Structures are given as C-alpha cells and as structure tokens.
Amino acid sequence: MYNFKFIEKKWQKVWKTKKLYNVSDKVEEKPPSHEAMAGRGKNYYQLTMFPYPSGDLHVGHWKNFAPPDVFVRYKRMQGYNVLSPIGFDAFGLPAENAALKNSVHPEKWTMQNIKTMTRQLESMGNSFDWSKLIITCLPEYYKWNQLFFLKLFNKGLAYRKKAPANWCTSCKTVLANEQVIDGKCERCEGTVIQREIDQWLFKITDYAERLLNDLDKIDWPERTKTMQRNWIGRSEGVLIKFVVEGLDMGIEVFTTRPDTVRSATYMVLAPEHEVIKKLKARIKNLQPVQKYIDNTKLKTEKDRIEEGREKTGIQLLGLNVLNPITKKAIPVWISDYVVGNYGTGAIMAVPAHDERDAEFAKKFELLIDNEPLLGFDEAIDLVNGKKTRKYKLRDWLISRQRYWGTPIPIIHCEKCGIVPVPEKNLPIKLPILKDFKPADDGRSPLARDKKFLFVKCPKCNGAAERETDTMDTFVDSSWYFLRHPSAKYKAGPFEKEATESWLPVTMYNGGAEHSVLHLLYSRFFTKFLFDEGLINFDEPFMALRHQGTILGHDGGKMSKSKGNVTDPDKLVSEFGTDAVRLFIYFMGEYSQSTVWDPNGILGVVRFLSRVHALKNKLAIDKTKEAEPLEDKGEENLTRLLHKTIRKVGDDIEEMKLNTAISALMMLLNEAEKQKEISFEFYKTFVKLLAPFAPHLTEELYQEIRILNQESSKLVSVHFAAWPKYNPKLIKDDTFELVIQINGKMRDILTLSIDLSRDEIENKALSSEAAKKYLNGEKPNRIIYIPLKLVNIVINSPEA
RNA sequence: GCCGAGGUGGUGAAAUGGCAGACACACUGGCUUUAGGAGCCAGCGCCGCAAGGCAUGCGGGUUCAAAUCCCGCCCUCGGCACCA
C-alpha cells in the first residue's frame, strides 16, 4: 500500500496555498444551461446544499459532497470555469437546544462546529473555492435577510397576522412545524396544540401560479416537480353564493363540481368561519356551538390523528340557506372536516356525489338527494357562479419566537403602528444574550433584552418597541446561492456582474427531503427578486439532482438520535480519503439509497494500490514509444483505453460513477497483463481517475511528468485536459455474434464486422449449435440483429 | 386512501427489448510468504456426476426474443393526507 497519508496531506496543502480551485472574479460568459452546456459558455456553477454545522461530518455528508466533486473536477478538466462554493446554514434550533444542554452560547457552539467541520471538509479533498465561504449567522450575511424582508414588506408581501402556531404545552414554547412529530414535541414528546399568536408571513401564495407553471422550464427530477405541484395544489372550480334564508346576504362556497349543485342538501362551514360571529344573534344553540368551536381550537394534532376520520360537527339551529337551483331551504352545519383557510372555508355538501359528505350525512342522518346532473357550464350560468382557481399552498409563516435567528427589522410604535426599520440602520444585530431560553408567554427571549427592545420610532421619534420574533432559517437558505459569487461584497447582497456571470446555478445537488420547502422558498425568492429588477432570471436552479441517502445498519435513516450514524474518520485514517471517496462512488448510483456497510472497501483500496504499483511497469526506454504498435496486446490495450475514455466521460455526465470506476478497473486488469506500459497510457489512465481519486492521481501525475522530463512548474492534473478518444480506435474490426435457437443462447462466434448479412446468417447456420438443433431440417425463420445476434426459429411439431 | 421510487446471487450491484449476474466484496481450493485485513492462479446463481434444466417479488399477456413493454396483485421505502 502506498503512503496515502503523506500524499493526501501534501497535496491538500499545495492546493490550498496555491488557491487552485478559486475561480477568477473576472466576468466570464453566462453560465450554460445544464442540458445544452457544450459550446454555450464556460462558466459552470455547481452547488451542493450547504450543511448545517452539527459538529461532525458523518458518512451522509460524504455521500452529499463527494460525488458532485467528481462532476466538478471533470468539468474543470474539460475547460469549464467551475465555481463550487461551500458555506454553513448556521442559524437554527439545534444550536439552541445543544447550547441549552451543554450550557454554551449558541454562537460559540456554532462557530466551534464550523471550525471542526471546515477541517473535516478540507480533509475530504473537495475542490471547494473557500474564498466564497458564507456563514448565515454572521451580521454581514443576515443583514441582507433583513433587507429582503423590508423589500417584501414594501410590496405588501410580508405581513403580520394572528396565526395558529404549534405550542408545546410541556416546554411552553412555540415549535417549528418540522419539530412536531406525529403531533408530539420532538424533544420532550409533550402534547402540541395550536395557539393563536401574531406572526409574520410571506405572501408566497401570490406566486402560486408562476411557481407551478415554471416547473416546466427546469431540469429537475420529475418526482420533485410532482411533489411541488401537489404541494401548490391548484384546483379549478367555481364560487357559488347561497342566500341565507330571510336575510339579504349570502355565504359563498367553493366547489369543483357545480354540476352537482342540485343535490346539495346542506352546507358546512369551518368552525373559524367569520359568518358565525356575524350571525350569532340568529343561532339558537349558540352555547353548544361555541363549545364546539373552542374544542376545535384546543384539539391537539394527536387527538386528530387518534380520531382518524371520524367526523364531528354541530348544526347551526335557526339558520338555513337556499339551494340556488331548487330554492329549498337547507341546514347549515359546522365541522372541522372543512378547512378554514382553503377555498372560502365553506362547502355545499353533496352526499350523493362526495364520499366525505356522504359519511357526514350518514352519521347525522341528513338528507341525501340525488337529482339529475346539470351541464358544467349550464350550472355555472344558472347559479351565477364565478370560475376560480384555488391553491392548497399557504402563506409562509416565518416568525419564530426563538433566539438563534435573524431579527425581524420592524418597530412597533403606539402612534404609528408597524414601522419598518430604515435600510440605513441595517443590520439589526442579534444581541448576545446570556439567557436565551424560550419564554412561557410565547414571546421571543429577545423581549427580555431591554436595550434591544426599547427604541425610538423612526417616524415620530416617540417610544417604541422592536419586533422580537426572529426569522425562520429557511429565509437564510432561500437566497444563499446568490451570495456565494459575491461572498465578500459589502455594498449589497450581491454584485451585479458576479451574479450575471454565474447565476442561475447550473447544477444543484442535495437531498430529496428538501423537495418542497427549501426548493420552493428559493424559487419564490428568486421570482420576487426578478420582479424587483434585481436579477435577470426567475428560476434559481437550472438542473437539480438528488443523492440517495445512506441508511444505517438497521435500514433506517441515519440520525444522531437513533445512534446509527457512521463516522468515516476511522476509514479515512486507515485507508485514506481517496479510498473512502472511491468506495462511496463504487457502492451504487448517486441517486440511489443504500445501507451503509464498509465491508467492501478493500476492493477499491486494492485498486488504488495497484494503480500506484502500475508505475513500475512504465517503459523507461522512451524510444519504445516511437515504435509502431506491433504487439497485439498493446494494440488491444490502446483500443480498450479509448473505449474507457468514452465510457468514463459518458458515465460521469450521467452521475453513474460506479460503472465508470468498474470500467477503470477493467482497464487496469488488462494493463497489468502487459510487460510494459507507455507513458502516454499511464498518463491518460491517471487523468481518467483524477476526478475520483484526486490525491493519488496528482502525485502520480507529477511523478510521470518528472520521469518524462516535463517542465518543473506545477501543472495540476486537475487542470489537465480531459482525454479525448479516437473514434477510429473504439471501433473493433470483429464482433461477437450470439446464436440463439428459439430464443435461447446456444453459441457465440467471433466474426469480422465487414461480413454481409447473408454471410453472417450462413456462418450462424453452419455453426455447431445450429447443426445440432436443426438436425438437417430447414429453419422456419431467421431473425438477424446487425452486429449482435441471429435467432434461428425452428417450428416445434406441436405448433 | 392518493402520488412517487424501488424489489435481480451469500453481499454491494451491472445489464432499458437481444449472452442475466459485468465490476467488486465475501467464501472455497491451490501456489507464494518468517508473518499478513498482503500477492498470484482457479472456482463461485440454483438443481444435476454430466448432458441439460430452472432462475430477475407473484400471476397473466405481447414478442422470434422480456429483469426491461402491457394488465392484475404482493411487499419495502419516501411524500401528501378530510383541500370540497
């Protein structure tokens, strides 16, 4: 085994000091779209979703970061100017929780972890441009979160509203949605209820239509697009007004089935429907109704899950509406199976045509009426309905009553109301609090910092208070890809030239678990900034590929809490970074999930040391190279080399790294059979392996260059030109003909590719196998597939 | 329930209508070595001494030919889940 420790350390140091992977800041041509890269530009922006600084790099991080680096190195060798930056998604609840547990400040905890992870990421040998590093918890980054908030606010796209939040009754704090697991608190398993609190929201629903339609113009996995489509959930329907009996008012419902309106036998309102308050006076059973409404609010997620689909509800006695066609008076109910913030929060119930309504009608013994259907448009005309589109997508609730996040740049003034912080006063820095525990009253810990809290109103100069909520960390990650090329820019969130030359991201890599939230929010931000005229594109990621997850030995997702997380450090110190990288690639396709089992690593370890040992077969006598290829073995090897050049390139393009490596293994197997190998061969082999095993190949490449007496200036293998294959050499002059009898393989012949169809069929018919099975008879039919096979069909007697 | 992905040797996996199991791991036998998680040679889907037969979750179908295409099931994973 070669001295990988020495080699890997040495080259990592050289790359770092030479800033080998830092891209030039000068303006290049626009980046090409992924599918039409060739010849359309030279800038290539590859980005892998930035990590949360949890503290250590586990094998899942390797699976995230190592495969895209192959792609990046390959593109670079092809002559692309490749930007591959890295950063840390550094705000968020885990830091707070860990900090509370270990009594360190979240900032200290986070910055320490970033330091460790930086070192670990560096030891992975990825070709990151570290000069473009971003860390979201620093004011120089989150300042721009605040700027974007103000821009959204000015356009009415950031607004404040009383909204239900997840409230853990045991921790007495608000939880993020992702912290609620099966209706329980992730940390303490306490009960989670909905609590109404004033919160900030981004009006992403304004963009629903564009977010949906523009999915057609990006190269993303179909399943991811489908998930976004379902999440946005557009449906085409009609608004129909039902007149309240005896009153000069109506209640509007949304339906996708106006053709069934004649069979609507009752109406159901969501418990929070505002009309209930308005018509209080007319409701005869107000007390039980109020009780039902209160109960709904108190209902926990857990209760709902336990109840299953069992429907509950109560009639609003004394209140009827008129069916707009039959003019019959029908009862009005409230039930929590009608969702308050979808459609109009009211439905016409048609138990004859809707399963859920049928279930409800059956339970409460309501009239089920099956009138003949109307024509769709006919019905709309008759009831004077309004065609509408509705979306399941909700506005994005960004308020967090937590400490470790970006402060929302708003001031509450008694006189002036909600006042935005003037841009020139940004950033509003997050104060260093000693006590950052979440509070009982649901207010952010920032409310306890009087210095932070009490300010003068920027408008009237009177006494005012700062907003104490912080932003959801998804805000940070919704635009970070814009910041990377301008990482150090101070005058704004991003520089015009850098943005125009690098963005949109050419290739985005990351986990499928972000298929909805992060990717949707990023698209929303991009569209908003496009509308503001700040950028000239309205989709952030031209191409997207998900890596498969690595599962723990138990087959479950790796997670710290499960204790099935594997730390690759041991493998790295035992076999080297190159070996671990290669093993990750060789395990299976990039997009596929696999169970982590390090047992097979010896295969790639052996491969690497044999590649290293192959150097001993180099033909030192240089004159040999000039000789014609007389030796058949060497000629075959050259042919195989050129086929491998094509195969490896094609496979990397498709991220099929496992088969690319197996092709290199086959090539090595053949090379080892030779007495000597040429400089040219070895050099090409090393180049082909370079994106996969960057350290060993750099070492070998430099050794070859010295042996070959090339210039002593460092020319890294990672900037060497990717080998080109000779199309003449990948064409064989013979092929293997498979002979089938009745579809079963019976023989193989090696034939010249120059033979005609007749000659090939004749050869096949006179083969041993054909003679045996034909037994002197004539074949019924012969199928010929050029350069592949001949299938001789013989009629069986019974056919 | 709905949507999506998947199911191939002891293991990771190849093969996208045309030789099923490439490339590896593990295992078995042999050679070599003071020694080995070393190297080399051979074997390795199942049944069978062999000839041969049987095999890609299960059952049908299309085809000269199916892991691959079509129909119907079963199982695993991921997402959504009363959205009218």
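Quick note on labels: first sequence line is chain A, next is B, and so on, each numbered from 1. Please read all numbers here as calculations on a predicted model, not as lab measurements.
Among pairs with a residue in residues 654-668 of chain A, those fulfilling side-chain hydrogen bond (donor to acceptor under 3.5 Å, both in side chains) read A/Asp651-A/Thr659, at least two apart in sequence or across chains.
For the pair A/Ser593 and A/Phe254, both in contact range of RNA chain B, the more 5′-proximal nearest nucleotide belongs to A/Ser593. Toward the 5' end of RNA chain B, the nearer of the two residues A/Met587 and A/Glu672, judged by each one's closest nucleotide, is A/Met587.
One P atom belongs to B/A22, the other to B/C71, and the distance between them is 32 Å to the nearest Å. Annotation: B/C2 and B/G48 have their C1' atoms spaced 50 Å apart (nearest Å). For the C1' atom pair drawn from B/C46 and B/A20, the interatomic distance equals 14 Å after rounding to whole Å. B/G18 sits 13 Å from B/A67 when the C1' atoms are compared, rounded to a whole Å. Using atom C1' as the reference point in both B/C23 and B/C73, the two lie 35 Å apart (nearest Å). If you take atom P in B/G52 and the same atom in B/C3, they sit 49 Å apart, rounded to whole Å. Comparing B/C27 with B/U11, their P atoms are spaced 15 Å from each other, to the whole Å. Between the P atoms of B/U56 and B/G61, the separation comes to 15 Å (whole Å).
The aromatic ring centroids of A/Trp231 and A/Tyr521 lie 6.0 Å or more from each other.
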Quick one, give me the B/S/- string for nucleotides 14-29 of chain B, reading 5' to 3', where B means a protein heavy atom under 4.0 Å from the base and S means that only happens at the primed atoms, P, OP1 or OP2. SS--BB--BBSSS---
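Across all strands shown, A/Val338 has heavy atoms under 4.0 Å from base atoms, whether or not it also approaches the sugar-phosphate. Contacts of A/Glu222 with the nucleic acid, taken as non-hydrogen atoms under 4.0 Å apart, are absent. Residue-level contact check: A/Lys744 touches the backbone only, with heavy atoms under 4.0 Å from sugar-phosphate atoms and none from bases.
Taking CG of A/Leu614 as the start and OG of A/Ser609 as the end, the distance is 11.5 Å to the nearest 0.5 Å.
One can place CZ of A/Arg746 at 13 Å from P of B/A51, the figure rounded to the nearest angstrom. Between A/His546 atom NE2 and B/G6 atom P the separation is 14 Å, expressed in whole Å. Remark: P of B/C82 and CG of A/Asp354 are 13 Å apart, rounded to the nearest angstrom. Atoms CD (A/Glu513) and C1' (B/G78) sit 11 Å apart, rounded to a whole Å. The distance between atom CG of A/Asp336 and atom P of B/A81, rounded to the nearest whole Å, is 16 Å. The distance between atom OH of A/Tyr2 and atom P of B/A38, rounded to the nearest whole Å, is 17 Å. The CG-P distance, from A/Asn230 to B/C80, rounds to 10 Å in whole Å. Between the P atom of B/A66 and the CG atom of A/Asn742 lies a distance of 11 Å, rounded to the nearest Å.
Inspection of the A/Ser235 and A/Tyr342 side chains reveals an N or O donor paired with an N or O acceptor under 3.5 Å. Using modelled atom types and a 3.5 Å distance limit, the side chains of A/Glu359 and A/Tyr337 yield no donor-acceptor pair.
By the ring pair (Phe, Tyr, Trp, His ring centres under 6.0 Å) test, A/Phe364 is found to be paired with A/Trp333, A/Phe360, residues two or more places apart in sequence or in another chain being considered. A/Arg746 pairs by the salt bridge (Lys or Arg N to Asp or Glu O under 4.0 Å) definition with nothing, not counting sequence neighbours. Evaluation of the salt bridge (Lys or Arg N to Asp or Glu O under 4.0 Å) rule for A/Asp650 yields no partner, not counting sequence neighbours.
Under the 30°/60° scheme for interplanar angles, the aromatic rings of A/Phe692 and A/Tyr585 are found to stand perpendicular.
Among A/Val268, A/Ile314, A/Thr296, the single residue meeting the side chain to side chain contact (heavy atoms under 4.5 Å, CB included) criterion with A/Ile334 is A/Ile314.
Phosphate contact (OP1/OP2 of B/C40, side-chain N/O of A/Lys673, threshold under 4.0 Å): absent. Note on A/Ser235: a side-chain N or O is less than 4.0 Å away from OP1 or OP2 of B/A84. Residue A/Tyr337 places none of its side-chain N or O atoms closer than 4.0 Å to OP1 or OP2 of B/A84. For A/Arg781 and B/C64, the shortest distance from a side-chain N or O to OP1 or OP2 is below 4.0 Å.
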Symbol by symbol from the 5' end, with Watson-Crick or G-U pairs under 3.5 Å, [ ] crossing and | another strand, RNA chain B is (((((((..(((.....[....))).(((((.......))))).(((....)))..(((((..]....))))))))))))....
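In this entry the base of B/G9 is syn relative to its sugar, with a glycosidic angle within 90° of 0.
Using a 4.5 Å cut-off on side-chain heavy atoms (C-beta onward), A/Tyr590 and A/Leu657 make no contact.
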